[in-house]
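Beneath this line is the structure, given in structure tokens, with notes to follow.
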Number of protein chains: 2
Amino acid sequence: MSKHERDASGRTGACCPGLLTAPLDEGQATELAKVFKALGDPVRLRLLSMIASRAGGGVCVCDLTPAFDLAQPTISHHLKLLRQAGLIDCERRGTWVYYWLLPEMTDRLAAILARPAGQPLPEPTGHAGAAS
Amino acid sequence: MSKHERDASGRTGACCPGLLTAPLDEGQATELAKVFKALGDPVRLRLLSMIASRAGGGVCVCDLTPAFDLAQPTISHHLKLLRQAGLIDCERRGTWVYYWLLPEMTDRLAAILARPAGQPLPEPTGHAGAAS
DNA sequence: CTTCTATGTTGACGAACGTCGATCCAGGAA
DNA sequence: TTCCTGGATCGACGTTCGTCAACATAGAAG
């Protein structure tokens with residue numbers, strides 16, 4: 001089921017030291033954008049969090065669907081996108097299909113968004129007083 | 001310039017301990033999805049990385065535009081989306097407009113995507129041998 | 001075999017998105 | 001003032017996305 005259809009999963013070419021330290025090239029940006037785009041939908045975010053927070057063995061689709069006011073094919077479609085983004089994987093066990101998180105991808109995103117240590121935070125020029 | 005038009009910047013209601021530990025509710029998901037959607041475009045990712053990697057004082061739009069094969073209004077539009085997502089802010093200095101990163105937002109995203117410590121990684125039930 | 005249930009797939013529709021040309025606004029220079 | 005330049009806004013176009021109903025598929029149970 002998780003055969004050859006991952007688009008932006010494993011290899012990025014490098015370890016991606018973060019997009020906050022050096023401008024990333026077009027290829028990296030395109031690949032990363034696919035994953036972020038997969039996260040750019042409330043339904044998929046909730047699906048991912050429901051799957052990720054169930055730490056054991058995987059979550060059955062039949063547990064996910066009733067949490068939404070959406071038709072079953074819609075849920076299936078969102079799960080497919082999350083899978084193609086390399087964020088989750090799935091397996092059929094008898095009648096049901098179970099999904100689980102691929103923490104490598106979320107780890108990678110977290111590392112990319114985190115700044116090295118305590119980046120200088122370039123001397124507030126008078127602005128930067130935005131978020132609470 | 002950075003007045004009242006941020007949509008998903010500051011307050012989330014809580015500190016958001018991460019979407020990997022507990023299923024997030026509809027409101028949190030909707031708000032988070034706006035930010036991830038802003039990151040879900042290669043051009044915006046490159047813009048953000050170019051802005052973020054210039055640690056001092058901000059980047060002029062005139063330094064950003066020539067890096068893309070896009071018309072100037074398109075770049076302006078992408079910058080606006082990044083600003084509405086609370087990821088960057090800008091200021092006019094004379095003739096030019098300078099953009100800079102709002103690290104609070106990227107910090108928040110990184111924290112949300114990171115798992116608490118070394119999450120159990122739920123005893124591979126036979127699957128989980130997917131990636132690489 | 002047939003039947004039932006749980007999911008994935010297909011095709012279509014409206015809405016949102018990315019892009020552009022044209023235009024407008026803000027500042028600096030003459 | 002009038003010009004010019006950097007950047008934002010507007011309106012429109014084609015593409016992509018989210019959603020659904022209909023259908024297809026995979027196992028389990030008769």
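Protein chains get the first letters and strands the later ones, always in sequence-line order, with residue 1 at the start of each.
- Nucleotide C:dA6 holds its P atom 22 Å from the NZ atom of A:K80, rounded to whole Å.
- No donor-acceptor pair under 3.5 Å is formed between the side chain of B:R46 and the backbone N or O of B:F68.
- Spacing between atom NZ of A:K34 and atom C1' of D:dC17 amounts to 16 Å, rounded to whole angstrom units.
- For the atom pair CG of B:L79 and CD1 of B:I51, the computed distance is 5.5 Å after rounding to the nearest 0.5 Å.
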Expected string for nucleotides 24-30 of chain D under the B/S/- scheme (protein heavy atoms, under 4.0 Å, primed atoms plus P, OP1, OP2 as sugar-phosphate) is --BSS--
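- Protein atom CD of B:E91 is 17 Å distant from nucleotide atom P of C:dA26, rounded to whole Å.
- Under 4.0 angstrom from either OP1 or OP2 of D:dT19 there lies at least one side-chain N or O belonging to A:H78.
- Judged purely by atom type and a 3.5 angstrom limit, B:T106 uses its side chain to pair as donor or acceptor with the backbone of B:P103.
- The separation between A:Y98 atom OH and C:dG8 atom C1' is 17 Å, rounded to whole Å.
- Looking at residues two or more places apart in sequence or on another chain, you find a side chain to side chain contact (heavy atoms under 4.5 Å, CB included) between B:A33 and A:P42, A:L45.
- In this structure, A:Q84 atom CD and D:dC17 atom P are separated by 11 Å, rounded to whole Å.
- Proximity of a side-chain donor or acceptor of A:S76 to a complementary backbone N or O of A:Q72 within less than 3.5 Å is not detected.
- Nearer the 5' end of DNA chain C, as judged by each residue's closest nucleotide, is the contact made by A:W96, out of B:D41 and A:W96.
- Here the side chain of B:T65 pairs no donor or acceptor atom with the backbone of B:C62 at under 3.5 angstrom.
- Counting only distance, with no hydrogens or angles, the side chain of A:R92 and the backbone of A:G94 share a donor-acceptor pair below 3.5 Å.
- In this model, the phosphate group of D:dG6 is not approached by any side-chain N or O of B:Y99 to a distance below 4.0 Å at OP1 or OP2.
- Side chains of A:L39 and B:V35 form no contact here, defined as non-hydrogen atoms less than 4.5 Å apart.
- In this entry the distance linking CG of A:L79 with P of C:dG8 reads 7 Å, nearest Å.
- Distance A:R44 CZ to D:dT16 P: 16 Å, rounded to the nearest Å.
- Using a distance-only test at 3.5 Å, with no hydrogens or angles considered, no donor-acceptor pair links the side chain of B:R108 to the main chain of B:A110.
- Heavy atoms of B:L81 sit under 4.0 angstrom from primed sugar atoms or phosphate atoms, though from no base atom.
- Counting to the nearest Å, the P atom of D:dT16 and the NZ atom of B:K37 are 17 Å from each other.
- Contacts between residues 69-77 of chain B and DNA chain C, defined by a heavy-atom separation below 4.0 Å, involve B:D69, B:L70, B:A71, B:P73, B:T74, B:H77, listed by number.
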